[in-house]
Amino acid sequence: MSRWKKNWRLVPLFAVMTFLLAGCGDPTLSALRPRGPVAEEQLFLMKISLAIMLLVVVVVFALYLFVIIRFRKRKGQEGVPKQVEGNHVLEIVWTVIPILLLIVLAVPTVYYTFKHSTNHVQNKDAIHVKVTAHQFWWQFEYPELGISTAQDLVIPKGKTIALELTSADVTHSFWVPSLGGKLDTNTGMTNIYYLQADEVDVFKGKCAELCGSSHTLMDFKVKSLEQADFDAWTQNMKTPAVIAADAKQGEELFKQKCLQCHAVDAQGLGFGPNLNGYADREMLAGVLEHNDQKLKDWIKNPQAEKPGTLMPIVPLEDKQIDEIIKYMNSLK
Ligand code: CUA
(Lines give C-alpha, C1' and ligand atoms only; values in the text may rest on other atoms or scores of the structure.)
Protein backbone atom coordinates (compact mmCIF):
# COMPACT_ATOMS: atom_id res chain seq x y z
CA MET A 1 0.00 0.00 0.00
CA SER A 2 2.80 2.42 0.89
CA ARG A 3 4.40 1.74 -2.51
CA TRP A 4 1.17 2.89 -4.18
CA LYS A 5 1.10 6.02 -2.09
CA LYS A 6 4.69 6.79 -3.07
CA ASN A 7 3.90 6.35 -6.79
CA TRP A 8 0.79 8.51 -6.58
CA ARG A 9 2.89 11.32 -5.22
CA LEU A 10 4.63 11.45 -8.61
CA VAL A 11 1.39 12.32 -10.39
CA PRO A 12 1.42 16.06 -9.55
CA LEU A 13 5.10 16.17 -10.58
CA PHE A 14 4.27 14.70 -14.02
CA ALA A 15 1.34 17.10 -14.33
CA VAL A 16 3.57 20.10 -13.60
CA MET A 17 6.29 18.85 -16.00
CA THR A 18 3.73 18.32 -18.77
CA PHE A 19 2.39 21.81 -18.20
CA LEU A 20 5.87 23.36 -18.27
CA LEU A 21 7.21 21.36 -21.21
CA ALA A 22 4.11 22.08 -23.28
CA GLY A 23 5.19 25.73 -23.27
CA CYS A 24 8.65 24.84 -24.62
CA GLY A 25 9.78 25.30 -28.15
CA ASP A 26 9.94 27.91 -30.80
CA PRO A 27 6.61 29.09 -32.28
CA THR A 28 8.14 29.11 -35.77
CA LEU A 29 9.40 25.55 -35.31
CA SER A 30 6.25 23.76 -34.28
CA ALA A 31 4.01 21.44 -36.26
CA LEU A 32 1.34 22.19 -33.62
CA ARG A 33 1.19 25.84 -34.68
CA PRO A 34 0.57 25.63 -38.41
CA ARG A 35 1.17 28.77 -40.49
CA GLY A 36 0.15 27.48 -43.90
CA PRO A 37 -2.45 25.20 -45.49
CA VAL A 38 -0.21 22.12 -45.80
CA ALA A 39 0.76 22.25 -42.13
CA GLU A 40 -2.89 22.83 -41.18
CA GLU A 41 -4.01 19.76 -43.09
CA GLN A 42 -1.25 17.70 -41.54
CA LEU A 43 -2.24 18.88 -38.06
CA PHE A 44 -5.80 17.82 -38.84
CA LEU A 45 -4.50 14.31 -39.60
CA MET A 46 -2.62 14.27 -36.30
CA LYS A 47 -5.76 15.36 -34.43
CA ILE A 48 -8.03 12.81 -36.04
CA SER A 49 -5.53 9.99 -35.36
CA LEU A 50 -5.18 11.11 -31.77
CA ALA A 51 -8.95 11.35 -31.30
CA ILE A 52 -9.50 7.82 -32.62
CA MET A 53 -6.68 6.43 -30.48
CA LEU A 54 -8.08 8.14 -27.39
CA LEU A 55 -11.54 6.80 -28.11
CA VAL A 56 -10.19 3.24 -28.42
CA VAL A 57 -8.11 3.55 -25.24
CA VAL A 58 -11.03 4.93 -23.22
CA VAL A 59 -13.53 2.29 -24.42
CA VAL A 60 -11.11 -0.62 -24.00
CA PHE A 61 -10.07 0.46 -20.51
CA ALA A 62 -13.67 1.06 -19.47
CA LEU A 63 -14.67 -2.44 -20.61
CA TYR A 64 -11.61 -3.92 -18.96
CA LEU A 65 -12.37 -2.27 -15.62
CA PHE A 66 -16.05 -3.20 -15.87
CA VAL A 67 -15.18 -6.86 -16.47
CA ILE A 68 -12.65 -7.23 -13.67
CA ILE A 69 -15.03 -5.61 -11.18
CA ARG A 70 -18.29 -7.19 -12.34
CA PHE A 71 -16.89 -10.72 -12.72
CA ARG A 72 -14.44 -10.75 -9.81
CA LYS A 73 -14.25 -13.76 -7.53
CA ARG A 74 -16.80 -13.32 -4.76
CA LYS A 75 -16.87 -14.68 -1.24
CA GLY A 76 -17.83 -18.30 -1.08
CA GLN A 77 -17.26 -18.83 -4.78
CA GLU A 78 -15.44 -22.10 -5.47
CA GLY A 79 -13.89 -23.76 -8.49
CA VAL A 80 -13.64 -22.59 -12.09
CA PRO A 81 -16.50 -20.31 -13.26
CA LYS A 82 -18.75 -21.25 -16.16
CA GLN A 83 -16.70 -21.23 -19.40
CA VAL A 84 -18.21 -19.29 -22.29
CA GLU A 85 -17.02 -19.80 -25.85
CA GLY A 86 -17.99 -17.87 -28.97
CA ASN A 87 -20.54 -15.11 -29.32
CA HIS A 88 -21.51 -14.13 -32.83
CA VAL A 89 -22.86 -10.70 -31.98
CA LEU A 90 -19.76 -9.70 -30.01
CA GLU A 91 -17.41 -11.03 -32.68
CA ILE A 92 -19.17 -9.05 -35.37
CA VAL A 93 -19.19 -5.91 -33.21
CA TRP A 94 -15.47 -6.01 -32.47
CA THR A 95 -14.61 -6.69 -36.09
CA VAL A 96 -16.86 -4.04 -37.61
CA ILE A 97 -15.97 -1.20 -35.22
CA PRO A 98 -12.18 -1.32 -35.94
CA ILE A 99 -12.90 -1.53 -39.68
CA LEU A 100 -15.05 1.61 -39.45
CA LEU A 101 -12.39 3.39 -37.40
CA LEU A 102 -9.71 2.45 -39.93
CA ILE A 103 -11.87 3.79 -42.76
CA VAL A 104 -12.37 7.08 -40.91
CA LEU A 105 -8.58 7.27 -40.47
CA ALA A 106 -7.60 6.03 -43.93
CA VAL A 107 -9.82 8.22 -46.12
CA PRO A 108 -8.39 11.63 -45.10
CA THR A 109 -4.86 10.22 -44.72
CA VAL A 110 -4.78 8.80 -48.25
CA TYR A 111 -6.49 11.91 -49.64
CA TYR A 112 -3.97 14.34 -48.11
CA THR A 113 -0.97 12.11 -48.85
CA PHE A 114 -1.83 12.27 -52.55
CA LYS A 115 -2.77 15.95 -52.35
CA HIS A 116 0.55 16.91 -50.73
CA SER A 117 2.55 15.12 -53.39
CA THR A 118 0.79 17.01 -56.19
CA ASN A 119 3.37 18.21 -58.68
CA HIS A 120 2.98 21.99 -58.97
CA VAL A 121 6.19 22.48 -60.97
CA GLN A 122 4.23 23.19 -64.16
CA ASN A 123 1.66 25.32 -62.29
CA LYS A 124 1.98 28.84 -63.68
CA ASP A 125 0.88 30.40 -60.37
CA ALA A 126 3.43 28.52 -58.31
CA ILE A 127 7.05 29.42 -57.56
CA HIS A 128 9.29 26.54 -58.57
CA VAL A 129 12.29 25.85 -56.33
CA LYS A 130 14.85 23.07 -56.69
CA VAL A 131 16.19 22.15 -53.28
CA THR A 132 19.53 20.34 -53.00
CA ALA A 133 20.72 19.19 -49.59
CA HIS A 134 24.45 19.12 -48.93
CA GLN A 135 26.50 18.15 -45.88
CA PHE A 136 25.55 20.47 -44.08
CA TRP A 137 23.75 23.22 -45.96
CA TRP A 138 20.83 23.84 -48.30
CA GLN A 139 20.89 25.09 -51.89
CA PHE A 140 17.81 26.71 -53.43
CA GLU A 141 17.51 27.27 -57.18
CA TYR A 142 14.65 29.17 -58.82
CA PRO A 143 15.03 28.02 -62.46
CA GLU A 144 12.29 30.25 -63.91
CA LEU A 145 13.59 33.31 -62.08
CA GLY A 146 17.25 32.70 -62.87
CA ILE A 147 18.37 32.82 -59.24
CA SER A 148 20.10 30.48 -56.87
CA THR A 149 20.81 30.97 -53.21
CA ALA A 150 21.61 29.06 -50.05
CA GLN A 151 20.36 28.75 -46.46
CA ASP A 152 17.46 31.23 -46.78
CA LEU A 153 14.55 30.03 -48.90
CA VAL A 154 12.84 33.30 -49.80
CA ILE A 155 9.20 32.98 -50.88
CA PRO A 156 6.18 35.22 -51.47
CA LYS A 157 3.38 34.70 -48.93
CA GLY A 158 0.14 33.07 -50.03
CA LYS A 159 1.70 31.37 -53.06
CA THR A 160 2.26 27.70 -53.70
CA ILE A 161 5.95 26.87 -53.59
CA ALA A 162 6.55 23.86 -55.83
CA LEU A 163 9.55 21.99 -54.49
CA GLU A 164 11.78 19.47 -56.20
CA LEU A 165 14.02 17.92 -53.58
CA THR A 166 17.27 16.08 -54.06
CA SER A 167 20.62 15.52 -52.34
CA ALA A 168 24.22 16.03 -53.40
CA ASP A 169 25.61 13.42 -51.03
CA VAL A 170 23.81 11.40 -48.34
CA THR A 171 20.11 11.27 -47.44
CA HIS A 172 18.82 14.36 -45.68
CA SER A 173 15.25 15.40 -44.87
CA PHE A 174 13.64 18.77 -45.56
CA TRP A 175 11.44 19.95 -42.72
CA VAL A 176 9.77 23.29 -41.99
CA PRO A 177 7.49 22.33 -39.07
CA SER A 178 5.29 25.47 -39.23
CA LEU A 179 4.66 25.05 -42.96
CA GLY A 180 4.67 21.28 -43.38
CA GLY A 181 6.96 18.37 -43.57
CA LYS A 182 8.97 16.32 -43.77
CA LEU A 183 10.36 14.84 -46.95
CA ASP A 184 13.63 13.00 -47.57
CA THR A 185 16.13 14.24 -50.10
CA ASN A 186 17.80 11.32 -51.88
CA THR A 187 20.78 11.30 -54.23
CA GLY A 188 19.82 10.69 -57.85
CA MET A 189 16.11 11.12 -57.10
CA THR A 190 13.70 14.02 -57.27
CA ASN A 191 11.00 14.10 -54.61
CA ILE A 192 8.00 16.34 -55.11
CA TYR A 193 6.39 18.45 -52.45
CA TYR A 194 4.83 21.86 -51.99
CA LEU A 195 4.42 24.42 -49.23
CA GLN A 196 2.67 27.70 -48.65
CA ALA A 197 3.05 30.37 -45.96
CA ASP A 198 -0.01 32.42 -45.04
CA GLU A 199 1.85 35.33 -43.47
CA VAL A 200 5.04 37.33 -43.69
CA ASP A 201 7.52 35.80 -41.24
CA VAL A 202 10.72 33.82 -40.91
CA PHE A 203 10.14 30.12 -40.33
CA LYS A 204 12.81 27.77 -39.09
CA GLY A 205 13.75 24.72 -41.09
CA LYS A 206 15.67 21.63 -40.06
CA CYS A 207 17.31 18.61 -41.56
CA ALA A 208 15.33 15.72 -40.11
CA GLU A 209 17.49 12.77 -41.14
CA LEU A 210 20.74 11.86 -39.39
CA CYS A 211 23.30 12.77 -42.06
CA GLY A 212 26.64 13.13 -40.32
CA SER A 213 28.35 14.84 -37.44
CA SER A 214 26.75 18.25 -38.03
CA HIS A 215 23.26 16.96 -38.78
CA THR A 216 21.87 18.94 -35.88
CA LEU A 217 23.48 22.14 -37.23
CA MET A 218 21.95 21.76 -40.69
CA ASP A 219 19.38 24.52 -40.22
CA PHE A 220 17.84 26.86 -42.75
CA LYS A 221 15.18 29.55 -42.87
CA VAL A 222 12.07 30.11 -44.92
CA LYS A 223 11.54 33.82 -45.29
CA SER A 224 8.10 34.72 -46.56
CA LEU A 225 7.61 38.21 -47.98
CA GLU A 226 4.86 40.31 -49.52
CA GLN A 227 4.75 39.74 -53.28
CA ALA A 228 6.20 43.20 -53.99
CA ASP A 229 9.09 42.60 -51.58
CA PHE A 230 9.70 39.22 -53.14
CA ASP A 231 9.83 40.79 -56.61
CA ALA A 232 12.27 43.40 -55.31
CA TRP A 233 14.42 40.66 -53.76
CA THR A 234 14.43 38.78 -57.08
CA GLN A 235 15.56 41.89 -58.95
CA ASN A 236 18.16 42.65 -56.33
CA MET A 237 19.61 39.13 -56.53
CA LYS A 238 20.04 39.57 -60.29
CA THR A 239 21.70 42.96 -59.94
CA PRO A 240 25.44 42.74 -59.23
CA ALA A 241 26.29 44.02 -55.75
CA VAL A 242 27.86 47.45 -55.45
CA ILE A 243 31.30 46.93 -53.99
CA ALA A 244 32.49 49.86 -51.88
CA ALA A 245 35.97 51.24 -52.61
CA ASP A 246 37.34 49.95 -49.30
CA ALA A 247 36.10 46.43 -50.11
CA LYS A 248 37.90 46.15 -53.44
CA GLN A 249 40.96 44.54 -51.90
CA GLY A 250 38.71 41.99 -50.22
CA GLU A 251 37.02 41.33 -53.54
CA GLU A 252 40.40 40.48 -55.12
CA LEU A 253 41.26 38.16 -52.23
CA PHE A 254 37.84 36.53 -52.44
CA LYS A 255 38.37 35.88 -56.16
CA GLN A 256 41.73 34.24 -55.47
CA LYS A 257 40.84 32.24 -52.37
CA CYS A 258 37.10 31.61 -52.21
CA LEU A 259 35.55 31.86 -55.65
CA GLN A 260 36.47 28.29 -56.67
CA CYS A 261 33.80 27.07 -54.25
CA HIS A 262 31.51 30.04 -53.58
CA ALA A 263 29.67 31.72 -56.43
CA VAL A 264 28.54 35.33 -55.84
CA ASP A 265 26.42 35.88 -58.96
CA ALA A 266 22.70 35.37 -59.55
CA GLN A 267 22.73 31.78 -60.78
CA GLY A 268 26.09 30.29 -59.84
CA LEU A 269 26.24 26.87 -58.23
CA GLY A 270 29.44 25.66 -56.66
CA PHE A 271 30.90 23.17 -54.25
CA GLY A 272 29.95 25.55 -51.43
CA PRO A 273 26.94 27.83 -50.93
CA ASN A 274 26.34 30.71 -53.32
CA LEU A 275 27.05 33.86 -51.28
CA ASN A 276 25.12 36.33 -53.42
CA GLY A 277 23.05 38.37 -50.95
CA TYR A 278 25.12 37.07 -48.02
CA ALA A 279 24.76 40.37 -46.10
CA ASP A 280 20.96 39.99 -45.98
CA ARG A 281 20.92 36.43 -44.66
CA GLU A 282 19.35 35.56 -41.35
CA MET A 283 22.30 33.58 -40.08
CA LEU A 284 25.85 32.68 -40.96
CA ALA A 285 26.49 29.11 -42.13
CA GLY A 286 22.85 28.40 -41.28
CA VAL A 287 23.35 28.31 -37.50
CA LEU A 288 25.81 31.00 -36.42
CA GLU A 289 25.04 34.56 -35.43
CA HIS A 290 25.42 36.85 -38.41
CA ASN A 291 28.28 39.13 -37.40
CA ASP A 292 31.89 39.87 -38.34
CA GLN A 293 33.43 38.09 -35.36
CA LYS A 294 31.52 34.88 -36.04
CA LEU A 295 32.38 35.06 -39.73
CA LYS A 296 36.04 35.41 -38.80
CA ASP A 297 35.84 32.43 -36.42
CA TRP A 298 34.11 30.43 -39.13
CA ILE A 299 36.69 31.22 -41.82
CA LYS A 300 39.59 30.54 -39.43
CA ASN A 301 38.30 27.22 -38.15
CA PRO A 302 35.10 25.93 -39.71
CA GLN A 303 35.44 22.53 -38.02
CA ALA A 304 35.15 24.17 -34.60
CA GLU A 305 31.76 25.65 -35.53
CA LYS A 306 30.39 22.83 -37.67
CA PRO A 307 32.22 19.52 -37.23
CA GLY A 308 32.56 17.54 -40.44
CA THR A 309 31.91 20.51 -42.71
CA LEU A 310 33.59 20.29 -46.11
CA MET A 311 34.63 23.95 -45.88
CA PRO A 312 38.45 23.84 -45.77
CA ILE A 313 40.76 26.06 -43.74
CA VAL A 314 42.13 28.50 -46.30
CA PRO A 315 45.56 29.81 -45.33
CA LEU A 316 44.86 33.53 -44.76
CA GLU A 317 46.31 36.16 -42.48
CA ASP A 318 43.99 37.93 -40.04
CA LYS A 319 44.24 41.13 -42.06
CA GLN A 320 43.26 39.30 -45.24
CA ILE A 321 40.24 37.77 -43.51
CA ASP A 322 39.14 41.26 -42.39
CA GLU A 323 39.33 42.46 -46.01
CA ILE A 324 37.27 39.48 -47.19
CA ILE A 325 34.67 40.18 -44.49
CA LYS A 326 34.40 43.80 -45.69
CA TYR A 327 33.74 42.47 -49.18
CA MET A 328 31.17 39.92 -47.99
CA ASN A 329 29.30 42.60 -46.08
CA SER A 330 28.82 44.46 -49.34
CA LEU A 331 27.06 41.45 -50.93
CA LYS A 332 23.58 42.87 -50.51
CU1 CUA B 1 21.28 16.76 -43.29
CU2 CUA B 1 20.68 15.83 -41.24
What about the rings of H290 and Y278, do their centers lie closer together than 6.0 Å?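 H290 vs Y278: aromatic centres under 6.0 Å.
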Where do Q293 and D297 land on the side chain to side chain donor-acceptor pair (under 3.5 Å) test, with the steps shown first? CA-CA 6 Å; Q293 187 52 51; D297 294 346; 3.0 Å; yes
Spell out, as yes or no, whether a donor-acceptor pair under 3.5 Å connects the side chain of [X] to the backbone of [Y].
X	Y	result
T166	M189	yes
Q83	P81	yes
S213	P307	yes
Q151	L284	no
Y327	E252	no
S148	Q267	yes
D265	G268	yes
E164	N191	no
R281	A150	yes
H172	E209	no

Residues which pass salt bridge (Lys or Arg N to Asp or Glu O under 4.0 Å) with K182, listed by chain and number, not counting sequence neighbours: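 Not a single residue meets the salt bridge (Lys or Arg N to Asp or Glu O under 4.0 Å) criterion with K182.
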Sort out for me which residue in R33, K223, R35 forms a salt bridge (charged side-chain N to carboxylate O under 4.0 Å, His left out) with E199.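 Answer to the salt bridge (charged side-chain N to carboxylate O under 4.0 Å, His left out) test with E199 among R33, K223, R35: R35.
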Tell me every residue that passes side-chain hydrogen bond (donor to acceptor under 3.5 Å, both in side chains) with H120, counting only those two or more places apart in sequence or in another chain.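 H120: side-chain hydrogen bond (donor to acceptor under 3.5 Å, both in side chains) contacts with N123.
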Around atom [atom1] of [X], are there more than 12 heavy atoms of other residues, nucleotides or ligands at under 6.0 Å?
X	atom1	answer
Q77	CD	yes
E289	CD	no
K332	NZ	no
K47	NZ	no
E317	CD	no

Would you say [X] and [Y] make side-chain contact, with heavy atoms under 4.5 Å?
X	Y	value
N186	S167	no
Q42	H116	yes
Q139	P273	no
L269	N274	no
W233	I147	yes

[Y] reachable from [X] in the ILVMFWY side-chain graph, under 4.5 Å edges:
X	Y	answer
L331	L316	yes
V200	V202	no
I325	F254	yes
I321	L259	yes
M328	M283	no

Roughly how far, to the nearest 0.5 Å, is [atom2] of [Y] from [atom1] of [X]?
X	Y	atom1	atom2	result
N236	K238	CG	NZ	11.5 Å
L10	M17	CG	CE	12.0 Å
N329	K326	CG	NZ	10.5 Å
L163	I127	CG	CD1	11.5 Å

I'd like to know whether I313 forms a side chain to side chain contact (heavy atoms under 4.5 Å, CB included) with N301, so could you lay out the CA-CA distance, the side-chain angles of the two residues, the decisive distance to 0.1 Å, and finally the verdict. CA-CA 6 Å; I313 298 181; N301 189 2; 4.1 Å; yes
Does the salt bridge (Lys or Arg N to Asp or Glu O under 4.0 Å) test come out yes or no for K300 and D318, once each step is laid out? CA-CA 9 Å; K300 279 180 125 173; D318 269 30; 3.1 Å; yes
Out of F203, F136, W175, F174, which one pairs with F220 under the ring-ring contact (aromatic ring centres under 6.0 Å, His included) rule?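 Filter result, single survivor: F174.
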V131: which of T190, I161, L165, L183 passes side-chain contact (heavy atoms from CB on, under 4.5 Å):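 The side-chain contact (heavy atoms from CB on, under 4.5 Å) with V131 is passed solely by L165 among T190, I161, L165, L183.
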Shortest non-hydrogen contact between [X] and [Y], atoms and distance:
X	Y	value
L105	I52	CD1-CD1, 4.0 Å
Q260	K255	OE1-O, 4.4 Å
M237	N276	O-ND2, 2.9 Å
G286	D219	O-CB, 3.6 Å
V121	A162	N-CB, 3.7 Å
M218	W138	O-NE1, 3.3 Å

Report the relative orientation of the aromatic rings in Y64 and F61; use parallel for angles under 30°, tilted for 30 to 60°, perpendicular for over 60°.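 Rings of Y64 and F61: perpendicular, over 60°.
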Is the Y142 ring parallel, tilted or perpendicular to the F230 ring (thresholds 30°, 60°)?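 Answer is tilted, since the angle falls between 30° and 60°.
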Check step by step if side chain to side chain contact (heavy atoms under 4.5 Å, CB included) holds for L55 and L101. CA-CA 10 Å; L55 178 74; L101 290 178; 4.2 Å; yes
Under a 3.5 Å cutoff, is there a donor and acceptor pairing between the side chains of Q235 and D231?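 Absent: no donor and acceptor within the cut-off.
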Yes or no on side chain to side chain contact (heavy atoms under 4.5 Å, CB included) for K204 and E282, after CA distance, side-chain angles and deciding distance? CA-CA 10 Å; K204 290 188 179 150; E282 291 291 317; over 6 Å; no
Before giving the answer on side chain to side chain contact (heavy atoms under 4.5 Å, CB included), spell out for D201 and T28 the whole-Å C-alpha distance, their side-chain angles and the decisive distance to 0.1 Å. CA-CA 9 Å; D201 207 342; T28 64; 4.2 Å; yes
